[in-house]
Each structure stands twice: as C-alpha cells, then as structure tokens.
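Since this is a predicted model, take the numbers as computed values, not measurements.
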Amino acid sequence: MRFLKLSLLFLLISGFAYAQKWEVGKTYTDDEKWTEFTVGNIPLIISVPHGGIITLPNEAARDCKGAVTVTDSKTIELAKEIEKVFLEKYNARPFIILSNLSRKHLDQNRDIDEATCGNKALEKTWHQFHDNIDTAIALATKKFGKAIYIDLHGHGHTKQRLELGYNLTATDLRKPDVEKNQLAEKSSVANLLASHKNLDLVQLLTGETAFGTLITSAGFDAVPAKQDVAPLEEDKYFNGGYNTRRYTSIKYPNVFGWQIESNFKGVRDAAGRPAFAKAFVEVMAQYFKIHLNTSF
C-alpha cells in the first residue's frame, strides 16, 4: 500500500512536469531568483543546496535545534563549470537546480521544518527547489528510463579529497565486503542494483568502475574508491543527507546517485574548478556508458 501511494504521488508530480513545456537550456527562476532550474538533455541531475549567498536583511538567521548555517562556498560556481564543460565537450547539458538563498535563512538539504526553522514565509521557496528536482527527475526518467542524481556540497575537513556519500556510514564502509553487500538496500544505489543483478554494492563503491575509483584515477582523490576504501576511524566523513536519501529512495525507483562533498583546494577554488570539471565530465561519460549503456 505504501509503495502504491508513493507511485501515485510520483505520477502526479510527473503529470505536472509533462503539462508544462520545459525548454532545454533555459533557466527558470522564482520571482526573487532564489532558486534556479536549468533544464538538461541527459539523465544527470545536479542539485546545489548550500552555495547561495543572498541574505535577507529583515529576516533572522535560522536558530532552531540542529540548524547549520555554513555556506558551501563556490559550489554553485563548480556546478556551472561542470555545465560549461559538458556543453563544450559533448553538447550535452545536465539538469541543474541551485539555491541562491543563504543557508542562514533556508537549508535546502533538510526536511521543511528544519529547513525553515518555522519561518512560514520561506516554505514556498523550499517547495520550489524540491519541485524543480522532482520535475528534472520526471523529465529525465521519462526520456531515458533511469537517471543519476548528485547532491553537490563542499567540506572543510583536513583531508583534501572528495567524500562520496552513499547513505552508508564510515563504519559501514569499513565492514568486510560480504557484510557490506548486505547493506545494498540501505544505499543510494539500491535502485540501480535492483535492476542490475550482475552488479553488487562493493563494485559500485570500490570496484574498477566505481565513480570514486574513476575520479581518483583522473587525479582527484575520493573515498570510497578502490584506492581509498573507507575513512579511518579518526576521519570526519559526510555520508549523505536528506536530499540523497529522498531522491534515491523507493519513491524514485528509476533514480540512483550519491552526495559529493568536495574539498576546496584543487576542486572548488578558481584554479581547480576547470580541471575538476573536465575530469568529472569525462568520468561521468565513462560511468554512463558502463552502468547505463548511454552515451552523450
């Protein structure tokens, strides 16, 4: 019954997406331009919830329990650099959803209550961001069958590497492979594994064709990967948040993906963004060909 309700809800969302004519390459915004949605033409959806810098002088900062207000600096710029390289290299465009509003006021990687800290005036903006993701998913999966969802963030941890969040804790990643594979349904790639019986979770985390393995081989260290299977016990590690859990859940059976927590130096800084974007695009081209049998 729960799955039926979720399926009906997604059909309603999909119906809304199809009812409006969405133009590839066009960016749609709300009146305040706090949210941007650029329509893509490949089955890749990138959301950036914490890169916004617009502040509201007449609104207090969020201060409810659990509220975090730190900006993931230059993540919007990184997403736009990735978009630029996709266009230059393949004349392809991912779906991109950006939150331009500061996290001090709204956290687009939390459920609505914690996201707004009870500020009813910002509930519409929360819905706008997430409705855009729903629309992107509906459009991408209708055309391609499956889609990859990536929630793009930035971290300030000591180790300068990408932290890939598959909804698995660092403790989970340190488990032996046999035990790790038993966590497949918990992971953010569960929907891919459900339809590809020749794959297992370990292959997608640390195998030869795992995203982490491929991006590390391209010059950007990542965990988990074949080269770095799991964080050490003393390492800080982000394993995926609200968006990753939501959009790779059973409610979205044709979507899988992961959260990327990117280091600043060499990835988000001005010098690193072009090189990382180029590597990311090339790795995703490989990944799509291997795991989705799709070429740009």
Side-chain angles (χ1 to χ4, degrees), residues 9-10 12-23 25-40 45-80 82-83 94-140 147 149-154 238 240-249 251-252 255 257 259-261:
L9 177 60
F10 187 66
L12 288 172
I13 294 167
S14 300
F16 170 76
Y18 305 148
Q20 178 171 341
K21 182 175 175 58
W22 300 95
E23 183 180 338
K26 184 173 180 179
T27 298
Y28 299 83
T29 69
D30 52 354
D31 292 339
E32 299 85 1
K33 297 187 177 179
W34 292 345
T35 306
E36 292 183 28
F37 171 39
T38 303
V39 179
I45 298 149
I46 301 173
S47 60
V48 187
H50 294 159
I53 60 173
I54 295 175
T55 57
L56 307 176
N58 297 323
E59 295 284 352
R62 296 165 54 248
D63 63 355
C64 58
K65 183 179 179 181
V68 178
T69 59
V70 178
T71 300
D72 291 356
S73 61
K74 304 301 180 182
T75 47
I76 288 177
E77 291 84 348
L78 181 58
K80 290 185 175 182
I82 288 169
E83 177 187 34
F95 293 82
I96 296 179
I97 301 93
L98 308 175
S99 176
N100 292 319
L101 189 61
S102 172
R103 193 181 183 187
K104 292 178 180 178
H105 303 299
L106 184 65
D107 190 331
Q108 293 288 28
N109 190 33
R110 299 290 190 276
D111 65 34
I112 192 167
D113 292 336
E114 187 176 340
T116 62
C117 284
N119 187 342
K120 298 292 184 182
L122 293 178
E123 288 186 358
K124 179 182 176 181
T125 306
W126 184 90
H127 283 291
Q128 180 79 50
F129 183 84
H130 291 281
D131 287 350
N132 287 160
I133 297 176
D134 278 324
T135 297
I137 288 172
L139 294 173
Y149 171 73
I150 290 177
D151 203 34
L152 184 61
H153 296 259
F238 289 114
Y242 172 83
N243 291 345
T244 307
R245 292 191 300 272
R246 173 173 173 168
Y247 295 110
T248 64
S249 69
K251 178 182 173 183
Y252 300 87
V255 182
Q259 178 175 297
I260 296 180
E261 287 278 353

Exercise. Minimum heavy-atom separation for Thr75 to His153, with atom names?
Worked result: CG2-C, 3.6 Å
Problem set entry | From Thr27 atom OG1 to Ile96 atom CD1, the distance as rounded to the nearest 0.5 Å | 8.5 Å
For this session: Let me see the working for Thr244 and Phe238 under side chain to side chain contact (heavy atoms under 4.5 Å, CB included), right down to the final yes or no.
Result: CA-CA 12 Å; Thr244 307; Phe238 289 114; over 6 Å; no
For this session: Could you tell me which residues satisfy side-chain contact (heavy atoms from CB on, under 4.5 Å) with Ser99, sequence neighbours excluded, listed by chain and number?
Result: Leu101, Gln108, Phe129
For this session: State, to 0.1 Å, how close Ala140 and Ile45 come at their nearest heavy-atom pair, and which atoms those are.
Result: CB-CD1, 4.3 Å
For this session: Using side-chain contact (heavy atoms from CB on, under 4.5 Å) as the criterion, list what pairs up with Asp111, not counting sequence neighbours.
Result: Asp113, Glu114, Tyr242
For this session: Taking only Lys NZ, Arg NE, NH1 and NH2, and the carboxylate oxygens of Asp or Glu, determine whether Arg245 and Asp151 approach each other closer than 4.0 Å.
Result: no
For this session: Compare all side-chain heavy atoms of Arg246 with those of Tyr252 and state whether any distance is below 4.5 angstrom.
Result: yes
For this session: Report yes if the side chains of His105 and Ile54 come closer than 4.5 Å at any heavy-atom pair, otherwise no.
Result: no
Exercise. If only atom types and distance count, is the side chain of Asp72 paired as donor or acceptor with the main-chain N or O of His50 below 3.5 Å?
Worked result: no
Problem set entry | For Phe95, all residues meeting ring-ring contact (aromatic ring centres under 6.0 Å, His included), sequence neighbours excluded | none
Seminar exercise, completed: For Ala61, the side-chain contact (heavy atoms from CB on, under 4.5 Å) test, sequence neighbours excluded, returns Lys104
For this session: Walk me through it: do Thr116 and Leu106 pass the test side chain to side chain contact (heavy atoms under 4.5 Å, CB included)?
Result: CA-CA 5 Å; Thr116 62; Leu106 184 65; 3.6 Å; yes
Problem set entry | Enclosure of Ile112 CD1 (heavy-atom neighbours >12, cutoff 6.0 Å) | yes
Seminar exercise, completed: Here the gap from Asp107 atom CG to Trp126 atom CH2, rounded to the nearest 0.5 Å, amounts to 11.0 Å
Exercise. Does Asn243 reach the side chain of Tyr149, with side-chain heavy atoms less than 4.5 Å apart?
Worked result: yes
For this session: State, yes or no, whether a side-chain contact exists between Ile46 and Ile97 at a heavy-atom distance under 4.5 Å.
Result: no
For this session: For residues Phe37 and Thr135, report the shortest heavy-atom separation together with the two atoms involved.
Result: CE2-CG2, 3.9 Å
Problem set entry | Which residues share a side chain to side chain donor-acceptor pair (under 3.5 Å) with Glu32, sequence neighbours left out | none
Exercise. Which pair of heavy atoms, one from Thr248 and one from Gly257, lies closest together, and at what distance?
Worked result: CG2-N, 3.6 Å
Exercise. Is it true that the side chains of Glu36 and Asn100 contain a donor and an acceptor less than 3.5 Å apart?
Worked result: yes
Exercise. So, do Asn109 and Arg103 sit near enough that their side-chain heavy atoms are less than 4.5 Å apart?
Worked result: no
For this session: Working to the nearest 0.5 Å, report the span between CD1 of Ile82 and CD of Glu77.
Result: 12.0 Å
Seminar exercise, completed: SG (Cys117) and CZ (Arg110) are apart, to the nearest 0.5 Å, by 10.0 Å
Problem set entry | Pairwise distance CG(Asp31) to NZ(Lys124) - rounded to 0.5 angstrom | 6.0 Å
Exercise. Measuring from Ile76:CD1 to Leu98:CG, what's the distance to the nearest 0.5 Å?
Worked result: 5.0 Å
Problem set entry | Lys/Arg-Asp/Glu bridge criterion (N-O < 4.0 Å) met for Glu83, Lys80 | no
Exercise. Of the non-hydrogen atoms in Ala79 and Val48, which two are nearest, and what is the gap between them?
Worked result: CB-CG2, 3.7 Å
Problem set entry | Partner set under side-chain contact (heavy atoms from CB on, under 4.5 Å) for Lys26, not counting sequence neighbours | Glu23, Tyr28
For this session: List the atom of Pro49, the atom of Leu152, and the distance in Å for their closest heavy-atom pair.
Result: CD-O, 3.7 Å
